[in-house]
Amino acid sequence: MGRLDILRYPDPRLHTVARPVAEIDERIRRLVDDLLETMYEAEGVGLAATQVDVHERVIVIDVSDAHDGAVVLINPVLVETSEEMTLGDEGCLSVPEIYDKVLRHARVRVRAADRSGQTREFEAEGLLSVAVQHEMDHLLGKVFVEYLSPLKRSRIRKRMLKKTRDEVRA
């Protein structure tokens with residue numbers, strides 16, 4: 001498949017709840033590779049399959065500076081979340097050039113299968129914790145702007161629709 005097209009907010013397909021992956025086969029491994037290629041090309045730190053109109057529970061994340069720390073999460077589950085919260089700027093490849101503060105758990109414990117089908121569990125904090133929570137929201141059909149006020153959401157929606165119209169005209 002190569003580089004995939006990223007859906008842009010407010011595309012209604014971003015609100016589709018992803019179904020579990022039944023079998024980690026060559027199709028899913030190819031999807032993982034395509035998600036990674038797409039994420040790196042777009043200069044993101046995470047990408048959920050939902051964002052490329054594939055509604056299965058697959059996420060890729062790489063918070064390393066050298067792009068050599070890819071984490072693949074298939075059918076991820078948050079096993080534990082910290083009571084401590086953190087407020088930080090978030091952006092999204094589906095909402096380009098928009099950043100705003102979102103409150104997230106400071107630490108999470110995640111269980112998921114990797115690209116080879118091995119189930120593993122790990123703890124995440126800092127940017128990795130935020131990325132995991134952000135991308136898992138996508139699997140539930142939720143975009144980070146939904147944490148913002150209705151006024152901010154409305155302004156972002158209008159801005160994204162205008163940007164899309166302008167690009168179509170160009």
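Throughout, residue positions are numbered sequentially from 1 according to the sequence presented.
No more than 12 heavy atoms of other residues, nucleotides or ligands lie within 6.0 Å of CG in D5, so this atom counts as exposed by the packing criterion. Within 6.0 Å of atom NZ in K158, 12 or fewer heavy atoms from other residues, nucleotides or ligands are found, so the atom counts as exposed in its surroundings. The number of heavy-atom neighbours closer than 6.0 Å to CG of D65, taken from other residues, nucleotides and ligands shown, is 12 or below.
At least one donor-acceptor pair closer than 3.5 Å links the side chain of S82 to the backbone N or O of A106. Side chain of D62 to main chain of G69: a donor-acceptor pair is present (N/O by atom type, distance under 3.5 Å, no hydrogens or angles). In terms of modelled atom types and a separation under 3.5 Å, the side chain of Q51 and the main chain of A48 share a donor-acceptor contact. A donor-acceptor pair under 3.5 Å is formed between the side chain of T164 and the backbone N or O of M160.
Between R109 and E121 a salt bridge is recorded (basic side-chain N to carboxylate O distance below 4.0 Å). A salt bridge between D166 and R169 is present, with a side-chain N of the basic residue lying under 4.0 Å from a carboxylate O of the acidic one. Under a 4.0 Å N-O distance rule, the pair R57/E135 does not qualify as a salt bridge. A salt bridge links E97 to K163: one of the charged nitrogens lies within less than 4.0 Å of a carboxylate oxygen. Ion pairing of R8 with E167 is present here, as a side-chain N (NZ or NE/NH1/NH2) and a carboxylate O approach within less than 4.0 Å. One finds no salt bridge joining R3 and D34 here, because no Lys/Arg side-chain nitrogen approaches an Asp/Glu carboxylate oxygen to under 4.0 Å. For the pair R107 and E84, the salt-bridge criterion is met [side-chain N within less than 4.0 Å of a carboxylate O]. Using a 4.0 Å cut-off between charged side-chain N and carboxylate O, R104 and E90 make a salt bridge.
As a member of the Ile/Leu/Val/Met/Phe/Trp/Tyr network built from side-chain separations under 4.5 Å, Y99 groups with nothing else and remains a singleton.
Sorted by first and then second residue, the ring-ring contact (aromatic ring centres under 6.0 Å, His included) pairs involving residues 7-28 (not counting sequence neighbours) form an empty list.
In terms of the side chain to side chain contact (heavy atoms under 4.5 Å, CB included) criterion, residue partners of V72 (sequence neighbours excluded) are, by chain and number, V32, V60, I74, R115. Taking the ring pair (Phe, Tyr, Trp, His ring centres under 6.0 Å) definition, one finds that H67 meets it with Y40, sequence neighbours left out. A search for side chain to side chain contact (heavy atoms under 4.5 Å, CB included) contacts involving T81 returns L78, H105, V108, not counting sequence neighbours. Qualifying side chain to side chain contact (heavy atoms under 4.5 Å, CB included) partners for E43, counting only residues two or more places apart in sequence or in other chains: none.
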Evaluation steps, side chain to side chain contact (heavy atoms under 4.5 Å, CB included), between L128 and E123: CA-CA 9 Å; L128 181 57; E123 289 196 24; over 6 Å; no
Intermediate values then yes/no, side chain to side chain contact (heavy atoms under 4.5 Å, CB included), I28 and E56: CA-CA 9 Å; I28 293 297; E56 293 181 85; 3.9 Å; yes
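Minimum heavy-atom separation, S116 to D114: OG-OD1, 2.8 Å.
For the residue pair D137 and Y147, a side-chain donor N or O sits within less than 3.5 Å of a side-chain acceptor on the partner.
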